[in-house]
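All residue numbers refer to positions in the sequence shown, counting from 1.
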Amino acid sequence: MPFSKDLLTGASGNQGAAGFYEHQIEQSVRFDDTDGTYLDRTFGTVTSEDKVSYSFWLKRTVLAVDNDFQQLMHVNDGGGVNTYFDDSDKLMLSISRGTGGAENMTGDRMYRDISAWNHFLYAVDTDNSTANYRLRFYVNGVEDTSSAYNGTHTQGVAAMYNKSSNRIYFGHNVGADNHPDILLAEFIHVDGTQLSPTDVGEFKNGVWIPKKYTGSYGNEGARLTFSNSSNFGEDSSGNSNNWTANNFGADHQLKDSPTFGS
C-alpha cells in the first residue's frame, strides 16, 4: 500500500464482509485524555534485553493541538524513552544512547486520518551488526525509512522497552500529562525476538490486514485482545503476563476494530 507524507491511509478501511479476514479482531479499547486511561506493567526477567517487538493496531480519534503530545509507549530509565504523536501529528521515537538519556527521532509522515486503522510494528535487535537494522519501524507492513529514524542504537545496549525490572507504560508519561485519544486493538509484546511484518500481518488485494501470530512470546511477552471488559490488561498469550489497566470502564470496550467496522 502506498504512503503519503501528509496522510497515511488506513490499512483496513471498509473491506466488506468478515470473510475477507482469516484472522478476526473482535474489539478494541478506547483511550481518552479526559479519563487519563493507560496500561502499565513491570517486567520480571526477560528472555533478552537486546531483542523485542511490539505489534499493535491503532486508530486516532482526536488530532493533537499545540503542545499536546499523545503518548504511546514510555519507560523512564535514567531518561525517558518514548513513542508519541507530536503536535504536528508526526510520530516520535526515542532510543537509549547507552550513556544515559535518549535520542529523539521524529518521522516525516503525518497521521491525520481519524477514520483509519493503522498497524505499527516496533522491532528491535540491538545486537545486530548492521546499525540500521537495530531499530526497525513498520507501518502497515512497510518499513518507515524516514531519515530521522536513522539514529543508531548502541550495539548490545539493552532495549529499554524490554529491560528486566523496567516499568513500561502505554498511554502515559510519568513526567507529563500526555494521554492519547485513540482506539487500540490486538497489542502484542514479544520478548526475545525481532519480528518481521509478515509474522503478524499480510497483504490481501493490496490491503494490509492482521494475521494470527503463532510464534513464541518469550518470558515476559503478552497478547492483549481487550476482550475482558473488567480487565483490559488480561494477557491471552498463555504467559499470564497481565498488564494493569488504569482508569478504564467497561464502556471503553468498542466493537470498532481493524476487521469489524464501528
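Note that CG of D32 is 4.5 Å distant from OG1 of T37, once rounded to the nearest 0.5 Å. Atom CG of N178 sits about 7.0 Å away from atom CG of D68, to the nearest 0.5 Å. Rounding to the nearest 0.5 Å gives a distance of 10.5 Å between CG of D235 and NE2 of H189. Atom CG of D35 is separated from atom CZ of R30 by 6.5 Å, given to the nearest 0.5 angstrom. Put simply, CG on N118 and CZ on R109 are 10.5 Å apart, with the number rounded to the nearest 0.5 Å. Distance check, rounded to the nearest 0.5 Å: CG of L72 to CG of L91 gives 6.0 Å.
Paired with Q71 under the rule side-chain hydrogen bond (donor to acceptor under 3.5 Å, both in side chains), one option of N82, D33, D177 passes, and it is N82. With D191 as the partner, the side-chain hydrogen bond (donor to acceptor under 3.5 Å, both in side chains) test is satisfied by one option alone out of N239, N162, N219: N162.
With a 4.5 Å cut-off on side-chain heavy atoms, F43 and S164 do not count as touching. Using a 4.5 Å heavy-atom threshold, the side chains of L184 and F31 count as touching. With contacts defined as side-chain heavy-atom distances shorter than 4.5 Å, the pair E186/I188 qualifies. Contact of the Y84 side chain with the Q70 side chain is not registered, since no non-hydrogen atoms from C-beta on lie closer than 4.5 Å. The closest side-chain heavy-atom distance from W57 to S257 is not below 4.5 Å. Using a 4.5 Å heavy-atom threshold, the side chains of I168 and F170 count as separate. Counting heavy atoms from C-beta on, the side chains of D181 and R60 never come closer than 4.5 Å. Side-chain contact between K211 and Y213: absent, with no pair of heavy atoms (C-beta onward) separated by less than 4.5 Å.
At a cut-off of 3.5 Å, with distance as the only test, no side-chain donor of D40 or T244 sits close to an acceptor on the other residue. If you check the side chains of T130 and N132, you find no donor sitting under 3.5 Å from an acceptor. Counting only N and O atoms by type, the side chains of S88 and D86 include a donor and acceptor under 3.5 Å apart.
The two residues T126 and R134 have their closest heavy-atom pair at O-CD, 3.6 Å. Taking each heavy atom of V157 and D50 in turn, the nearest pair found is O-OD1, 4.2 Å. A pairwise comparison of heavy atoms in N241 and A222 identifies O-CB, 3.6 Å as the closest pair. Contact between V139 and Y111 at its shortest, heavy atoms only, is CG2-OH, 3.6 Å. Considering all non-hydrogen atoms of both residues, N231 and W243 come closest at OD1-O, 4.3 Å. P210 approaches Y21 most closely through the heavy-atom pair CD-CD2, 4.2 Å.
In the hydrophobic clustering of this structure, Y54 does not group with Y138; members are Ile, Leu, Val, Met, Phe, Trp, Tyr whose side-chain heavy atoms approach within less than 4.5 Å, directly or through other members. Following chains of ILVMFWY side-chain contacts shorter than 4.5 Å, one can reach L254 starting from I25, so the two form part of one hydrophobic cluster. One hydrophobic cluster holds both V52 and L224 under the rule that ILVMFWY side chains link at heavy-atom gaps under 4.5 Å. Hydrophobic clustering places L93 together with L58 (ILVMFWY residues linked when any side-chain heavy atoms are closer than 4.5 Å, directly or through intermediates). Linking ILVMFWY side-chain heavy atoms closer than 4.5 Å, directly or via other members, places I182 and L121 in two distinct hydrophobic clusters.
A distance-only check finds no donor-acceptor pair linking the side chain of Y122 to the backbone of T83 [under 3.5 Å]. In this structure, E49 contributes its side chain and V46 its backbone to no donor-acceptor pair below 3.5 Å. Judged by distance alone, with hydrogens and angles left aside, the side-chain atoms of S237 form no donor-acceptor pair with the main-chain N or O of Y217 at under 3.5 Å. Using modelled atom types, one side-chain atom of S216 and one backbone atom of G218 make a donor-acceptor pair closer than 3.5 Å. A donor-acceptor pair under 3.5 Å is formed between the side chain of Q27 and the backbone N or O of T225.
Salt bridge annotation for D125-K51: present, with a cationic side-chain nitrogen under 4.0 angstrom from a carboxylate oxygen. Note on D256 versus K59: salt bridge recorded, some NZ/NE/NH1/NH2 to OD/OE distance being below 4.0 Å. Salt-bridge check for E22 with K204: failed, with every basic side-chain N at 4.0 Å or more from each acidic carboxylate O.
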What verdict does the side-chain hydrogen bond (donor to acceptor under 3.5 Å, both in side chains) test give for H172 and N246, after you've listed the backbone C-alpha separation in whole Å, the side-chain angles of each residue and the deciding distance to 0.1 Å? CA-CA 10 Å; H172 179 68; N246 300 275; over 6 Å; no

Output, in order, the C-alpha distance, side-chain angles, deciding distance and verdict of side-chain contact (heavy atoms from CB on, under 4.5 Å) for M92 and M105. CA-CA 6 Å; M92 200 286 290; M105 308 175 294; 5.5 Å; no

Derivation and outcome, side-chain contact (heavy atoms from CB on, under 4.5 Å), residues N76 and N173: CA-CA 9 Å; N76 187 16; N173 184 318; over 6 Å; no

Could you check S55 against H119 for side-chain hydrogen bond (donor to acceptor under 3.5 Å, both in side chains), going step by step and ending with a plain yes or no? CA-CA 7 Å; S55 166; H119 177 250; 2.8 Å; yes

Decide side-chain contact (heavy atoms from CB on, under 4.5 Å) for F85 and F69; before the verdict, give the C-alpha distance in whole Å, the side-chain angles of both, and the deciding distance to 0.1 Å. CA-CA 6 Å; F85 293 110; F69 294 178; over 6 Å; no

Does the pair F20 and I209 meet the rule for a side-chain contact (heavy atoms from CB on, under 4.5 Å), with working shown? CA-CA 9 Å; F20 184 81; I209 63 173; 3.6 Å; yes

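Under a 4.5 Å side-chain heavy-atom criterion applied to ILVMFWY residues, the cluster that includes V174 comprises Y38, Y169 as well.
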Distance-only donor-acceptor pairs under 3.5 Å for side chains of residues 192-203, two or more places apart:
unit_1: Q194; atom_1: NE2; unit_2: A123; atom_2: O; d: 3.2
unit_1: Q194; atom_1: NE2; unit_2: Y133; atom_2: O; d: 2.9
unit_1: D199; atom_1: OD2; unit_2: S196; atom_2: N; d: 2.8

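Judged as a side-chain hydrogen bond (donor to acceptor under 3.5 Å, both in side chains), and not counting sequence neighbours, the contacts of N166 are D77.
For the pair R223 and F187, the cation does not sit on the ring face, since its NZ or CZ is not both under 6.0 Å from the ring centre and inside 45° of the axis.
In this structure, F120 and F137 have parallel ring planes: the angle between them is below the 30° cut-off, well short of the 60° mark.
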